[in-house]
Amino acid sequence: MRKLLFSLLILSAAVMQSCLRAEDVTVLSVTGLDFKKMSNTTLMLSVENNSARNIKVKELKVNVMIQGRNFAEIMLKESLVIPKKSVSEIPVPLAVKVSDPLAAMALGLDPKSALPKLTVTGHLKAKAGMASKNFRIPETPVQEIMAKFAPDALNKIK
C-alpha cells in the first residue's frame, strides 16, 4: 500500500510539473510602453498562451547590467494572468529601481553607444492550476531582445 501511495505521489508531482512549461507561452511583441515614472511603468505585451490553463505570473525580477555592473532592477508590481488558449495583449505593471543614476544619465545622453553594453538576467515565478514553477532568465543582451520584440524602437536608436 505504501509503495502504491508513493508511486501515485511521484506520478502526480510529475503531472503537475508538466502542466507549466516555458514553451506554452510566447511573447509575440512589445505593443506599448507607458512610462509615467520609475515606480509606475506599464509594458504592453502581445502574448500567446497555448496551455489549457490560465497562467498567473506571480513574480518577475530582472537585473539590468551595463558592462557586468548592476545598473537597474525591474520588478513586477502585481501579479498578472495570461488567459488559456489565447493571444492577448497583457499590461505588465513594473517598478524600475535605478542603482547607478550617473550611468542612467549617460545612457539617456548617448543610447546608441550604451545599448551594446546592456544585458539583463533574472527570474520569473509562474503558476498554472496547482503547479508553481520558477524560470531563470539567462544573461541576454538588451539589443538582442529589442531586435526580436521591438525592432521599430531599435531602428530609431541606431
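Since the structure is predicted, the reported quantities are computational estimates derived from the model, not experimental observations.
In terms of modelled atom types and a separation under 3.5 Å, the side chain of Thr140 and the main chain of Pro138 share a donor-acceptor contact. A distance-only check finds a donor-acceptor pair linking the side chain of Thr121 to the backbone of Ile137 [under 3.5 Å]. Here the side chain of Asp24 pairs no donor or acceptor atom with the backbone of Asn50 at under 3.5 angstrom. Of the possible donor and acceptor atoms, none in the side chain of Thr42 sits under 3.5 Å from a partner among the backbone N and O of Asp34.
Here CG of Asn70 is found 9.5 Å from NZ of Lys97. Values are rounded to the nearest 0.5 Å. Taking OG1 from Thr31 and CG from Leu33, the interatomic distance works out to 10.0 Å, rounded to the nearest 0.5 Å. Put simply, CG on Leu45 and CG on Leu80 are 8.5 Å apart, with the number rounded to the nearest 0.5 Å. With rounding to the nearest 0.5 Å, the separation of CD1 in Ile90 from CD1 in Ile82 is 6.0 Å. Interatomic distance, Lys85 NZ to Asn54 CG, rounded to the nearest 0.5 Å: 12.0 Å. The CE atom of Met65 lies 15.5 Å from the NZ atom of Lys117; values are rounded to the nearest 0.5 Å.
Applying the 6.0 Å contact sphere to NZ of Lys84 captures no more than 12 heavy atoms from other residues, nucleotides or ligands.
For Ser86 and Ser88, the side-chain atoms include at least one donor-acceptor pair closer than 3.5 Å. Between Glu139 and Thr119, the side chains place a donor N or O and an acceptor N or O closer than 3.5 Å (distance only, hydrogens not considered).
Hydrophobic clustering places Ile74 together with Leu76 (ILVMFWY residues linked when any side-chain heavy atoms are closer than 4.5 Å, directly or through intermediates). Under the 4.5 Å side-chain contact rule for hydrophobic residues, Leu43 and Val47 share a cluster. If you chain together hydrophobic residues whose side chains sit under 4.5 Å apart, Met75 and Val62 never meet in one group. Residues Leu124 and Val142 share a single hydrophobic cluster, defined by chaining ILVMFWY side chains whose heavy atoms lie under 4.5 Å apart. Cluster annotation: Met44 is not connected to Val92 through the hydrophobic network of ILVMFWY side chains, with a link wherever side-chain heavy atoms come within less than 4.5 Å.
Listed by chain and number, the residues in a side-chain contact (heavy atoms from CB on, under 4.5 Å) with Lys58 are Lys56, Lys127 (sequence neighbours excluded). Partners of Arg69 under the side-chain contact (heavy atoms from CB on, under 4.5 Å) rule, at least two apart in sequence or in another chain, are Ile66, Asp100.
Nearest heavy atoms, Ile55 versus Ser51: CD1-CB, 4.1 Å. Taking both residues in full, the closest heavy atoms of Pro93 and Glu78 are given as CG-CG, 3.4 Å, listed atom of the first, atom of the second, then distance. Nearest approach of Leu28 to Val87, heavy atoms of both residues: CD1-CG1, 3.7 Å.
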Exercise. List the steps and the verdict of side-chain contact (heavy atoms from CB on, under 4.5 Å) for Lys61 and His123.
Key: CA-CA 6 Å; Lys61 184 178 175 186; His123 73 275; 3.7 Å; yes

Exercise. Might you work through the side-chain contact (heavy atoms from CB on, under 4.5 Å) test for Lys125 and Ser132, ending with a clear yes or no?
Key: CA-CA 7 Å; Lys125 185 174 185 177; Ser132 186; 3.5 Å; yes

